[in-house]
Amino acid sequence: MKVEPSARDLLEVARAALLDDLVASLPESSRYAALMVANALSIAGRDLAAPAAAQDEIARIKALVPDWKPPGTEEAALLEGTARLAARIREGRFDEGEARARLLEHLRVTTRARLAVSSPKALARKQGNLP
Amino acid sequence: MNALASSAGTDPRARTEAFLATACHATRVTIERWERLSGGAIQENVALDVTLEGGPRKGRHEWVLRTDAASRVAVSHSRPEEFEILRAAHGAGVRVPEPLFLCADGKGPDFFVMRRMPGVAAGHRLAKDDRLVPDRPALARELGENLARLHRVRPPVASLAFLGEAGADHARSTVAGYRRDLDSLSAVRAEAWPALEWGLAWCVRNAPSPLPPCLLHRDYRSGNYLVHEGRLSAVLDWEFSGWGDAREDLGWMLARCWRFGRPDREAGGIGAAADFLAGYAAAGGRATGWEETLYWQAMAHLRWAVIALQQAERHRSGSERSLELALTAHIVPELEREIIALTEGAS
């Protein structure tokens with residue numbers, strides 16, 4: 001058995017120590033760098049905690065690119081599938097109709113998962129751009 | 001090592017004094033202050049307080065010296081080119097630091113000297129602190145008016161020949177460029193970006209009829225201009241400017257990614273889009289409505305996403321390990337989300 005506290009907890013407590021104890025005593029010129037470190041620790045913690053979603057994403061890509069045969073390992077399948085999908089989008093295969101709607105749904109789900117790690121605040125924000 | 005020193009080891013301050021003596025026909029030049037300003041990773045700016053004896057400019061001057069930092073980015077202009085762009089913008093009545101002297105003597109890195117302008121550039125401060133911007137509609141208008149003056153510069157301009165021919169269809173050629181950029185990134189890291197590809201395909205399908213090309217700043221946003229006593233003091237950072245469709249600059253300023261925590265103020269987190277666009281039209285810019293800018297806002301997010309990926313790659317590849325560059329990659333999902341929001345409604 002691994003030693004507890006584990007990576008996730010250590011990242012969390014390291015971030016708290018940085019923000020609660022250290023930042024106040026830093027000169028103004030180092031503040032920005034410290035906040036970047038805190039942000040990096042947050043992202044790393046969320047990355048570790050993110051639910052394993054690769055299988056779902058591979059299945060969604062397979063549905064959009066039916067003639068694609070995913071290779072054995074998960075990592076290779078995700079890379080290859082994403083590249084295939086990107087190429088098909090560029091070819092214009094998802095420009096209209098039902099294909100377009102299914103692609104957009106896939107992009108929404110995928111982007112939400114990426115945002116949940118990179119920038120959950122943005123995920124919580126109201127979407128839309130109109131003034 | 002100071003970037004201004006030549007390989008022969010000439011003292012950069014002495015080189016600058018000698019250059020200014022000739023350029024200003026002065027009998028004696030004394031640089032009293034030589035202070036590196038926080039600047040970009042690409043350029044280095046040095047604040048100069050200079051006293052000249054003799055010659056038409058005798059007296060004390062507050063200037064900025066601009067030169068290349070150690071790491072240059074291939075797409076940005078050289079200092080002599082940037083000097084010519086500043087001259088063209090200044091001649092068109094755009095608020096810029098007046099370009100004064102260019103040194104390209106081969107005895108060290110090229111540099112130029114421009115007038116030092118007062119003000120605050122930090123986008124997050126301008127967006128959040130009303131004391132810095134007491135009259136937001138006025139500043140948003142000024143930003144629009146100023147951009148309209150820049151867009152009056154049309155090709156061909158002899159001194160700007162290095163910018164090359166203006167493309168006939170800026171939107172489509174820009175998309176082609178971003179696709180090449182993504183292909184280069186994919187080649188080295190085996191990644192791909194379906195949301196960005198979707199946005200680019202959408203931009204091809206929905207490309208508007210091109211406008212006659214004009215001079216663009218191509219980074220006209222909060223953070224790249226100085227505000228002094230609530231007024232626009234000077235537009236900085238001209239290293240990406242080139243010929244193109246005027247609406248690209250409008251979309252860049254209005255895009256949500258440059259609102260610095262104030263998404264309700266569409267014009268750079270500073271003020272309302274309506275004021276910015278009204279100022280633009282009032283100073284002779286083409287009348288452009290909010291709806292028309294949405295296409296170019298989508299383009300703006302695509303452009304920033306491509307640049308962010310390139311910056312992150314500089315870190316990932318090991319060529320320039322940096323926390324800031326590494327974190328830039330994590331901006332991309334937000335940009336993807338905005339691209340989807342801007343394109344999912346329209347065809």
Side-chain angles (χ1 to χ4, degrees), chain A residues 29 32-37 39-40 42-44 46-47 57 60-61 64-65 75-76 78-97 100-101 103-108 110-123 125-131, chain B residues 38 124 175 179 182-183 186 189-202 204-205 254-257 259 261 263-267 272-274 277 290-291 293-294 297-298 301 322-345 347:
Chain A
S29 56
Y32 181 61
L35 294 178
M36 284 199 299
V37 172
N39 189 25
S42 300
I43 294 172
R46 290 193 297 266
D47 197 2
E57 191 171 340
R60 289 200 310 275
I61 294 171
L64 290 164
V65 190
E75 198 192 341
L78 208 48
L79 285 175
E80 189 181 291
T82 304
R84 288 284 171 91
L85 179 61
R88 300 274 168 106
I89 296 167
R90 193 183 289 192
E91 287 165 10
R93 306 236 197 146
F94 296 94
D95 282 358
E96 47 198 39
R100 176 186 184 282
L103 173 70
L104 276 168
E105 186 49 29
H106 166 72
L107 295 179
R108 281 188 212 102
T110 310
T111 303
R112 268 202 297 275
R114 283 155 69 82
L115 267 176
V117 171
S118 295
S119 183
K121 266 190 216 152
L123 192 59
R125 250 196 343 243
K126 186 169 85 62
Q127 204 172 333
N129 196 50
L130 295 173
Chain B
S38 63
H124 64 280
V175 168
R179 282 174 167 169
L182 290 181
D183 288 345
S186 288
R189 58 195 262 176
E191 248 185 270
W193 298 272
L196 303 184
E197 291 292 348
W198 160 259
L200 291 170
W202 183 90
V204 171
R205 291 200 301 282
L254 294 172
R256 185 165 181 154
C257 54
R259 294 185 197 159
D264 54 321
R265 296 187 186 136
E266 307 89 8
L277 293 170
W290 170 258
E291 290 296 324
T293 71
L294 290 174
Q297 290 184 43
H301 287 101
S322 143
L323 177 56
E324 185 164 24
L325 293 176
L327 285 172
T328 307
H330 289 273
I331 295 171
V332 174
E334 261 190 271
L335 301 171
E336 291 175 339
R337 181 175 192 253
E338 215 52 49
I339 289 161
I340 295 168
L342 283 161
T343 56
E344 65 190 348
S347 56

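Letters go in sequence order (proteins before strands), and every chain restarts at 1.
Top candidate by heavy-atom pairs under 4.5 Å with chain B, chosen from A/Glu96, A/Arg108, A/Arg114, A/Arg90, is A/Arg90. Ranked by heavy-atom pairs under 4.5 Å with chain A, the list B/Arg265, B/Glu191, B/Glu336 is led by B/Glu336.
Contact record, A/Ala40 with B/Leu323: CB-CD1, 3.7 Å, taken as the closest heavy-atom pair. Considering every non-hydrogen atom in both A/Ile89 and B/Pro194, the closest pair reads CD1-O, 3.5 Å. The shortest non-hydrogen separation linking B/Trp198 to A/Phe94 is CZ3-O, 3.6 Å. Of all non-hydrogen atoms in B/Ala190 and A/Leu79, the two that sit nearest each other are O-CD2, 3.0 Å. The heavy-atom pair separating B/Arg337 from A/Thr111 by the smallest distance is N-CG2, 3.8 Å.
Every side-chain contact (heavy atoms from CB on, under 4.5 Å) that A/Ala116 has, sequence neighbours left out, goes to A/Leu123. Listed by chain and residue number, nothing satisfies the salt bridge (charged side-chain N to carboxylate O under 4.0 Å, His left out) test with A/Asp47 (two or more places apart in sequence, or in another chain). The side-chain hydrogen bond (donor to acceptor under 3.5 Å, both in side chains) check on A/Arg93 picks up A/Glu91, with sequence neighbours excluded.
When heavy atoms are compared at a cutoff of 4.5 Å, B/Leu327 approaches chain A solely by way of its side chain, counted from C-beta outward. Neither the backbone nor the side chain of A/Leu78 has a heavy atom closer than 4.5 Å to any heavy atom of chain B. Residue A/Leu104 touches chain B through its side chain alone, counting heavy-atom pairs closer than 4.5 Å. Neither the backbone nor the side chain of B/Val204 comes within contact range of chain A, judged by heavy atoms closer than 4.5 Å. Both the backbone and the side chain of B/Ala195 come within contact range of chain A, each with at least one heavy atom under 4.5 Å from a heavy atom of that chain.
Contacts with chain B (heavy atom to heavy atom, under 4.5 Å) involve these residues of residues 81-88 of chain A, listed by number: A/Thr82, A/Ala83, A/Leu85, A/Ala86.
Exactly one residue among B/Ile340, B/Ile339, B/Leu196 makes a side chain to side chain contact (heavy atoms under 4.5 Å, CB included) with A/Leu107. That residue is B/Ile340.
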